[in-house]
Protein chains: 2
Amino acid sequence: MMNLTIAEENYIKSIYKLEEEGQEAVSTNALAGELETKPASVTDMAKKLKEKKLISYEKYQGINLTAEGKKAALNIIRRHRLWECFLVDKLSFSWEEVHELAEELEHVRSEKLINRLSEFLGNPQIDPHGDPIPDAQGKMGKPRPQTPLDKARAKRLEVVAVSDKSTALLEFLNAKGIRLGTQLDVIERYEFDNSIELKIRNQPAFTISEQVSKNIMVKPI
Amino acid sequence: MMNLTIAEENYIKSIYKLEEEGQEAVSTNALAGELETKPASVTDMAKKLKEKKLISYEKYQGINLTAEGKKAALNIIRRHRLWECFLVDKLSFSWEEVHELAEELEHVRSEKLINRLSEFLGNPQIDPHGDPIPDAQGKMGKPRPQTPLDKARAKRLEVVAVSDKSTALLEFLNAKGIRLGTQLDVIERYEFDNSIELKIRNQPAFTISEQVSKNIMVKPI
DNA sequence: ATAATTATTTAGATTTACCTAAACTTTATT
DNA sequence: AATAAAGTTTAGGTAAATCTAAATAATTAT
């Protein structure tokens, strides 16, 4: 397996994620958004990753992982999710704390370490958020299709369904500008009543109750 | 606590090590040697670390850690040694394998993570090489009384630590059956090259060079 | 189909952490 | 004390990963 920098690994991971979400070819802009960087930086990196044969890329045509790139992505995801398991199962972190830490731990590249960690954890099949963990060969179970907003872990989410079709709820969502495809940023989760403070691009933040968030099905972007 | 880059952390750690080894002021050259980099690079970094008030440094006068720098160093060492414990105690790595891995894991900066890890491990006081682990406040027990094997005068000795953590040396020692707690009998010391003939219980005697014996820390039994 | 808008790329800078080669200090030697 | 040797710094350069601003291509709207 090729040796990647941390930046390269993060690009690979994000490309994988966007492909999973259904983007035929991952656009420069989408990737820049995902990585919180600028499109120009993405173009630069795309050239580098193409050189390394991890992606296919032609000017203006977007990006796709090659077989090798996909393998690399699955390996990174494996590391990430195993570390999340470790943090929750062994160090008693709660599920919303672990992503950032796993984001760092995942970049320690050692087959042996990660395989031993997996064994130590009892070769778990899913991580604390319910996402499947690829095995050492890069085989992974199917991802869960969607999560109710009150259970979602990611900060940036896209609305994929609303389960309660009552006029009351739909009117409320409409008033707030929440509809299918809307992208949400979770600003804060308040434990005392499980309400959630949300933000939609170009709008002021607002808060919704647990009752509402339970019925908004989302997926991470 | 200030936010340091990985490179900065490695410099701080090496400066600490060289100070511990008795260097009044750490020289540019010594530090370059320790970090396997060039003196010119050390001078560059020295300016940066001085700016951040982690070291005291005047042109041509060498480097010393400030109180803040020392605190940072102890924190890094704490992380390193706790990860080593984890790898050996929980993931069944052998002691010669863990240094390189811990070298990477130590750069994940999270108070909470490292304190939980310590707790998970039972707040160990020494790492797998016999070195003491600083506590959360940066207090560290004194290294166990020890002498480098090349200086020890007793005939019957016990291995308490290994000062050079390179895989090369550790692998060599492993092959010879020398590890923490191993009991050695000094058969002969050869003055012409300061090599030493040793015997471990139930094994044929063998000879090690001065280079090796310098790095094996022992105490009389 | 042409113009306007949006997306993407290029060109040129910046920062970090390195490097080499040359200049300069300090120290050791005669 | 003068000189040689060793150690250190400066000057100038490189590579990675960013950025901004300007140019160019693709898409959408008129």
Side-chain angles (χ1 to χ4, degrees), chain A residues 2-15 18-19 21 23-64 69 72 76 103-104 106-107 109 181 183 201-202 221, chain B residues 2-15 18-19 21-64 69 72 76 103-104 106-107 109:
Chain A
M2 190 170 306
N3 236 34
L4 303 180
T5 66
I6 289 175
E8 287 167 341
E9 286 199 341
N10 285 331
Y11 272 86
I12 293 293
K13 199 167 45 131
S14 292
I15 295 164
L18 295 175
E19 279 190 357
E21 283 165 22
Q23 298 204 204
E24 254 319 302
V26 175
S27 75
T28 304
N29 246 6
L31 194 46
E34 178 66 29
L35 287 159
E36 298 181 57
T37 182
K38 295 285 140 64
S41 308
V42 172
T43 301
D44 284 353
M45 183 60 93
K47 289 174 188 165
K48 242 179 283 180
L49 293 175
K50 185 189 178 178
E51 192 57 42
K52 293 194 174 189
K53 298 194 198 301
L54 293 165
I55 62 170
S56 58
Y57 164 67
E58 295 302 330
K59 262 191 187 184
Y60 298 103
Q61 301 313 129
I63 292 168
N64 285 101
I76 301 162
E103 205 74 11
E104 298 201 51
E106 75 187 3
H107 296 298
R109 273 163 291 259
Q183 301 191 354
R201 237 162 51 109
N202 305 327
I221 304 174
Chain B
M2 189 171 306
N3 235 35
L4 303 180
T5 65
I6 289 174
E8 287 167 339
E9 285 199 343
N10 285 331
Y11 272 85
I12 292 293
K13 200 167 43 133
S14 291
I15 295 164
L18 295 174
E19 279 190 355
E21 283 167 18
Q23 298 205 203
E24 254 318 303
V26 175
S27 76
T28 304
N29 246 6
L31 194 46
E34 179 66 29
L35 286 158
E36 298 182 58
T37 183
K38 295 286 141 64
S41 308
V42 172
T43 301
D44 284 354
M45 183 60 92
K47 289 174 188 165
K48 243 178 282 179
L49 294 175
K50 185 189 179 177
E51 192 57 42
K52 293 193 174 190
K53 299 193 196 300
L54 294 165
I55 63 171
S56 58
Y57 164 67
E58 296 302 331
K59 263 191 187 185
Y60 297 103
Q61 302 313 129
I63 292 168
N64 285 102
I76 301 162
E103 205 74 9
E104 299 201 53
E106 74 187 4
H107 297 299
R109 274 163 292 258

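Bear in mind the structure is a predicted one, so any value in this text is a computation, not a measurement. Note on naming: letters A, B, ... go to the chains in the order of the sequence lines (proteins, then strands), and numbering restarts at 1 for each one.
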Heavy-atom distance under 4.5 Å between the side chains of A:E9 and A:R109, does that happen here?
yes
A:Q61 CD to D:dA26 P, in whole Å, measures 7 Å
Across the strands shown, which category fits B:A7 at heavy-atom distances under 4.0 angstrom: base, sugar-phosphate, nothing?
sugar-phosphate
Is the phosphate of C:dT10 approached by A:K59 (side-chain N or O, under 4.0 Å from OP1 or OP2)?
yes
Comparing A:I6 and B:V42 on DNA chain D - which has the more 5′ nearest nucleotide
B:V42
Given atom CG of A:N10 and atom C1' of D:dT18, what is their separation to the nearest angstrom?
14 Å
Using only side-chain N and O atoms of B:Y57, determine if any of them is under 4.0 Å from OP1 or OP2 of D:dT9.
yes
Side chain to side chain, A:N10 and A:E106, heavy atoms closer than 4.5 Å
yes
Are OP1 or OP2 of C:dT16 and a side-chain N or O of B:T5 less than 4.0 angstrom apart?
no
Separation of atom NZ in B:K48 from atom P in C:dC18, rounded to whole Å:
8 Å
May I ask you to verify if any side-chain N or O of A:Y60 is less than 4.0 angstrom from the OP1 or OP2 atom of C:dT10?
no
Between B:N29 and D:dT8, is there a contact of a side-chain N or O with OP1 or OP2 at under 4.0 Å?
yes
A:E8 CD to D:dT18 P: how many Å, rounded?
10 Å
Under a 4.5 Å cut-off applied to non-hydrogen side-chain atoms, are A:L4 and A:L54 in contact?
yes
Rounded to the Å, how far apart are A:E58 CD and D:dA26 P?
12 Å
Taking for A:D44 and for B:K47 the nucleotide of DNA chain D with the nearest heavy atom, the one nearer the 5' end belongs to B:K47
Please confirm whether the shortest side-chain N or O distance from A:S41 to OP1 or OP2 of D:dT18 is below 4.0 Å.
no
All heavy atoms of A:V26 vs all of A:L18, minimum pair found to be CG1-CD1, 3.5 Å
Would you mind reading off the distance between B:E51 atom CD and C:dT16 atom C1', rounded to a whole angstrom?
15 Å
Separation of atom CG in B:L35 from atom P in C:dT16, rounded to whole Å:
19 Å
On the nucleotide C:dC19, are OP1 or OP2 found under 4.0 Å from the side-chain N or O atoms that B:T37 carries?
yes
NA contact type, B:T28, heavy-atom cut-off 4.0 Å: base, sugar-phosphate, or nothing?
sugar-phosphate
Counting only side-chain N and O atoms of B:K38, is one of them less than 4.0 Å from OP1 or OP2 of C:dT20?
yes
Identify the two heavy atoms, one from A:E104 and one from B:H107, that lie closest to each other, and give their separation to 0.1 Å.
OE1-O, 4.2 Å
